[in-house]
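We number each residue from 1, following the sequence as shown. For clarity, every value in this text was computed on a predicted model and none was experimentally measured. Just follow the structure's listing: the first ligand is 1, and inside any ligand the first atom is 1.
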Amino acid sequence: MDKYINVVLDAYYGYFDYLKNEILYPSWTNYFWWLLGLSAAVWLLEVVFPWREKQAIFRKDFWLDGFYMFFNFFLFSLIAYNAISNIAVEAFNDFLGVFGLENIVALHVETWPVWAQFLLLFVLADFIQWNVHRALHKYPALWEFHKVHHSVEEMGFAAHLRFHWVETIIYKTVQYIPLAMIGFSLVDFFIVHIFTTAIGHLNHANLKITYGPLKYILNNPIMHIWHHAKKLPEGTNGVNYGLTLSVWDYLFGTAYIPNEGKDEPLGFDGMETFPKSFWSQVTYPFIQKKK
Ligand SMILES: [Zn+2]
Ligand SMILES: [Zn+2]
């Protein structure tokens with residue numbers, strides 16, 4: 001038991017020190033400053049080349065989404081996620097120990113070239129996330145959490161990280177075992193994380209970008225706006241589930257881009273009664289369940 005308490009304390013102190021150092025010492029391998037820099041760059045593009053010219057620079061929910069961005073990217077980890085995941089990993093390893101196993105690495109990729117390791121991690125993680133995202137739309141209990149992300153009415157870069165913290169737990173948990181089997185840890189490769197954050201920001205930005213023929217591989221603002229559209233094609237739970245890659249939607253027939261969707265109304269049915277503030281949005285799914 002002591003071991004688990006120490007894991008929690010180490011996670012807290014370790015993360016607190018880490019966060020402090022991140023903020024105080026900018027560097028090229030620093031998440032905090034990369035997030036700020038990427039956000040400023042994409043926002044600047046929105047200001048200079050807006051797709052919907054009428055949309056305000058400080059669009060609806062700009063500050064709310066900005067808070068979500070820092071909460072989900074940094075604070076949630078600080079408060080709970082690091083501690084929970086370290087305990088889970090520790091417990092999982094103890095569980096493996098019962099069977100005399102030290103780890104579940106089934107495929108040894110450490111002898112591969114680094115670029116091939118990156119590519120495998122990135123493609124595999126993205127495919128797992130695409131499946132998780134589909135599940136968030138399919139199962140009503142999960143959809144209650146995912147509604148926070150779909151309550152965006154005006155798209156802008158910060159909407160990317162507007163989501164319920166339970167999503168972080170779901171995504172990371174589902175990814176853990178497959179990634180651990182090829183020897184990757186929960187800590188993403190820095191470069192992969194920065195790349196996916198940049199594409200995610202762009203997907204939600206007020207920009208008209210499709211990347212030309214690369215649109216069949218990379219998700220983009222025109223494709224993702226249809227993911228947020230209020231009106232879905234008949235008989236579906238959603239379309240365009242891609243996070244960074246769009247290729248899964250094309251492969252599995254969930255791609256849907258009837259037109260460019262510039263002024264398409266966003267959200268879901270019953271939006272009017274959905275809470276508007278951070279606290280009420282993150283507590284909503286729990287209260288909802290009790291009813
Ligand atoms: Zn969604
Ligand atoms: Zn989105």
Exercise. Considering residues, nucleotides and ligands other than Ile191, do more than 12 of their heavy atoms fall under 6.0 Å from its CD1?
Worked result: no

For this session: Please say whether more than 12 non-hydrogen atoms of neighbouring residues, nucleotides or ligands are located less than 6.0 Å from NZ in Lys230.
Result: yes

For this session: Check the side chains of Trp248 and Asp126 for a donor-acceptor pair under 3.5 angstrom, ignoring hydrogens and angles.
Result: yes

Problem set entry | Rounded to 10 degrees, the angle NE2 of His150 makes with NE2 of His137 at the Zn ion (ligand 1) | 90°

Exercise. What's the atom name of the N, O or S in His146 nearest to the Zn ion (ligand 1)?
Worked result: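 Checking each N, O and S atom of His146, the shortest distance to the Zn ion (ligand 1) belongs to NE2.
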
Return yes when at least one N/O/S atom of [X] is nearer than 2.8 Å to the Zn ion (ligand 2), and no when none is.
X	answer
His224	yes
His228	yes
His204	yes

Exercise. If you check every N/O/S atom of His149, which is the one nearest the Zn ion (ligand 2)?
Worked result: NE2

For this session: Would you sort out whether Lys215 and Glu260 count as a salt bridge (Lys or Arg N to Asp or Glu O under 4.0 Å), showing the intermediate values?
Result: CA-CA 13 Å; Lys215 69 181 176 193; Glu260 68 178 33; over 6 Å; no

For this session: Check step by step if ring pair (Phe, Tyr, Trp, His ring centres under 6.0 Å) holds for Tyr25 and Trp33.
Result: CA-CA 9 Å; Tyr25 307 107; Trp33 289 96; over 10 Å; no

